[in-house]
Each structure stands twice: as C-alpha cells, then as structure tokens.
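As the structure is a computational prediction, the values presented were derived from the model and not from experiment. Chain letters run A, B, ... following the sequence lines, proteins first, then strands; residues in each count from 1.
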Amino acid sequence: MSPIAVIDFETTGISPGMGDRATEVAIVMLEGGQVVDRYQSLMNAGVRVNSFITQLTGITNEMLQAAPPADQVMREAARFVGGRPMVAHNASFDKKFWQDELSRCGQDASHPFACTVLLSRRLYPQAPNHQLGTLAAYHHLPSTGRAHRALADAETAAYLLAQMQHDLQARHGCGRVDHALLMGLQRVSRHAVGAFLRQRAASPVLESGL
DNA sequence: TGCCAGGCCCTCTTTAGGGCCTT
C-alpha cells in the first residue's frame, strides 16, 4: 500500500489568518500499518509564543530562537512529503498552516488531506469524544511521548489511522484501505456510512480510486 | 468602536444556533 504522510503542527495560535505561525512540524510516513519514516523540527518564524502555548506544548521562546529558519524547515518538510497524500487530526487546522507556511516560501501545497476527526466520527460514533488523546486511550494506542509536541501527536494520529485501516478491513470487509477510500468515507454523511462501506467492500475496483 | 478561525455536525433545524476540534 502506498505511504501516507501524517502531519502535525504546533503553532502560536489557531489562525494563520490572524497572524499565527507554526513553531514545530512533524510528519510520519505510514505504510502497511507501520510507521516507516519520520521528520520533525522546531522552526523559527520570527515570532514569540505566549505563556499559554509554552505551558501547553513545552515549547519556549529560547527553543524557537535556537531553531532553524521556518522557510528552511518547510522546504525540508515538503521534500520529505513529496507528492504523497496527507492525513491530520482535524485536518482543516493543519492544512491551513501547511498551505500558509509553504506559500511563504513559494512551495506547492496542493496535497489532498484526509481528516482523522471526520473519519473517527463516522467509524467510532460511540467514542466519548474525538480528541486525539481520548481516541488514543479508547483504542489503547501505543504511547508516543508528550502530547502537544508535534512528533508525539503525529505518531499518535498515524497509529489511529492504522487502527482505522485495520477496522475497515477486519470489520467492514474493505480490501484496500487507501487514501482515496478515506477521502470518500469522510465525505459521506453519518447516515450513509454503512451503505458506503458495503459498496466499497463489494466493489474492490472502486477502492483504488480509479 | 467592537470584534476577530473555520469547517463540520447535531438538533428543540433548514430564513439557525451552538458545540466540537485543532494551537
């Protein structure tokens, strides 16, 4: 199965449109249910983090001052991802920062994003909630380190995605759980999930996205 | 002057409102 790039950003806030910038990025490659490669770096975008962000993430202004420039890090990140499809937990958030940071250094950011929050809402409606930490505990995912650091959260999201791929195959009979299937699943309404999965299980040709 | 994300989803809905999820 083709690799999928699972990404997580730490940032100064929630909106690049309001001037927020990325402070750390991590990307893990998931292939065949296994993490096969990793990229992680703090980045110096010339901005400061407030005490709330430092308390949440453990990332300090001293750490950012010593970090490589943001444009250098983002070029490396883009090279690492290449043309692979991407996944993030609450992808609308990470996609905004991916596009904003890459546009600042003239890089293409047209990668398709699948979202583990949308997928979790469809596959695990019985979960207490769909926060990353809650889902990690709910599925007994491997411990990855401090939450709210980019690499730990990206690895947790990757393990969550691997769990989803496993469940789609084992419980729903989907043969090949590729990125195209994930994009299709997250687009259907909650009420249409069962019909969508039955159709995919019965039509393996469609699963390749062809 | 005051306010300031935004896409998704549910419901006491659809000419709307509010919660979730990310930092």
Side-chain angles (χ1 to χ4, degrees), chain A residues 5-28 40-64 67 70 73-74 77 86-104 109-139 141 144-161 163-164 182-196:
Chain A
V6 184
I7 189 169
D8 186 78
F9 278 108
E10 302 306 316
T11 70
T12 63
I14 55 176
S15 175
M18 298 290 287
D20 291 318
R21 297 292 304 272
T23 56
E24 186 180 40
V25 62
I27 301 155
V28 301
Q40 177 273 331
S41 182
L42 289 163
M43 65 176 84
N44 183 354
V47 294
R48 296 179 63 81
V49 289
N50 60 34
S51 58
F52 170 78
I53 294 295
T54 295
Q55 191 166 19
L56 178 70
T57 66
I59 296 172
T60 66
N61 287 303
E62 291 70 27
M63 293 163 67
L64 295 181
V73 172
M74 290 306 300
M86 303 183 76
V87 166
H89 195 69
N90 198 26
S92 65
F93 175 87
D94 291 283
K95 184 179 180 181
K96 278 188 303 185
F97 280 96
W98 178 250
Q99 293 175 335
D100 182 74
E101 294 293 345
L102 284 181
S103 71
R104 291 174 181 272
S110 59
H111 305 72
F113 269 74
C115 176
T116 47
V117 173
L118 297 181
L119 293 167
S120 180
R121 285 173 177 163
R122 283 156 180 74
L123 291 175
Y124 313 115
Q126 73 281 12
N129 60 56
H130 301 279
Q131 296 174 24
L132 186 59
T134 301
L135 292 171
Y138 181 76
H139 292 291
L141 301 180
T144 59
R146 177 182 173 137
H148 296 297
R149 285 302 299 266
L151 184 57
D153 283 1
E155 287 193 334
T156 298
Y159 289 134
L160 175 59
L161 177 59
Q163 180 73 48
M164 291 174 174
L182 298 172
M183 293 293 286
L185 177 57
Q186 73 177 20
R187 286 192 189 106
V188 301
S189 77
R190 179 176 62 114
H191 307 288
V193 167
F196 175 86

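Taking atom P on both nucleotides, B/dC12 is separated from B/dG19 by 14 Å, rounded to a whole Å. Nucleotides B/dG18 and B/dT1 are separated by 26 Å at their C1' atoms, to the nearest Å. Taking the C1' atom of each, B/dG2 and B/dG7 are spaced 25 Å apart, rounded to whole Å. One P atom belongs to B/dC21, the other to B/dC3, and the distance between them is 27 Å to the nearest Å. Spacing of P atoms, B/dC8 relative to B/dT13, comes out at 23 Å, to the nearest Å.
Distance A/Asp94 CG to B/dG7 C1': 14 Å, rounded to the nearest Å. Atom-to-atom, OH of A/Tyr124 to P of B/dC20 comes out at 22 Å; the value is rounded to the nearest Å. Atom P of nucleotide B/dG6 and atom CG of A/Leu118 are separated by 17 Å, given to the nearest angstrom. Atom CG of A/Asn90 is separated from atom C1' of B/dT23 by 10 Å (rounded to the nearest Å). Atom-to-atom, CG of A/Leu64 to P of B/dT23 comes out at 16 Å; the value is rounded to the nearest Å. Following rounding to the nearest Å, A/Ile59 (CD1) and B/dT23 (C1') show an atom-to-atom distance of 10 Å. In this structure, A/Gln126 places its CD atom 17 Å from C1' of B/dC10, rounding to the nearest Å. The CD-P distance, from A/Gln131 to B/dT22, rounds to 5 Å in whole Å.
Remark: A/Glu24 pairs with A/Arg149 by the salt bridge (Lys or Arg N to Asp or Glu O under 4.0 Å) rule, at least two apart or across chains. Applying the side chain to side chain contact (heavy atoms under 4.5 Å, CB included) rule to A/Gln186 yields the partners A/Ala114, A/Cys115, A/Leu118, A/Leu119, A/Met183; only residues at least two apart in sequence or on another chain are considered. Annotation: side chain to side chain contact (heavy atoms under 4.5 Å, CB included) contacts of A/Gln126 (sequence neighbours excluded): A/Tyr124, A/Tyr138. Taking the side chain to side chain contact (heavy atoms under 4.5 Å, CB included) definition, one finds that A/Arg48 meets it with A/Asn61, A/Gln65, sequence neighbours left out.
Residues from residues 10-18 of chain A placing a heavy atom under 4.0 Å of any atom in DNA chain B, listed by number, are A/Glu10, A/Thr11, A/Gly13, A/Ile14, A/Ser15, A/Met18.
In this structure, of B/dT23, B/dT22, B/dG6, it is B/dG6 that holds the atom nearest to the side chain of A/Lys96. When each of B/dC10, B/dT23, B/dT22 is scored by its nearest atom to the side-chain atoms of A/Asp153, the top-ranked nucleotide is B/dT23.
At distances below 3.5 Å, at least one donor-acceptor pair connects side-chain atoms of A/Thr156 with backbone N or O atoms of A/Ala152. Here the side chain of A/His89 pairs a donor or acceptor atom with the backbone of A/Leu132 at under 3.5 angstrom.
Counting non-hydrogen atoms under 4.0 angstrom, A/Phe97 reaches nothing in the nucleic acid. Residue contacts for A/Asp20: at a heavy-atom cut-off of 4.0 Å it reaches no nucleic acid atom on any strand shown.
Screening residues 5-18 of chain A for side chain to side chain donor-acceptor pair (under 3.5 Å), with sequence neighbours left out, gives A/Thr12-A/Asp20.
In this model, the phosphate group of B/dC20 is not approached by any side-chain N or O of A/His130 to a distance below 4.0 Å at OP1 or OP2. The phosphate of B/dC21 (OP1 or OP2) has no side-chain N or O of A/His89 nearer than 4.0 angstrom.
Toward the 5' end of DNA chain B, the nearer of the two residues A/Val188 and A/Leu132, judged by each one's closest nucleotide, is A/Val188. In this structure, A/Asp8 and A/Arg121 both approach DNA chain B, and ranking their closest nucleotides by distance from the 5' end singles out A/Arg121.
Annotation: the span from A/Leu123 atom CG to A/Arg190 atom CZ amounts to 13.5 Å, rounded to 0.5 Å.
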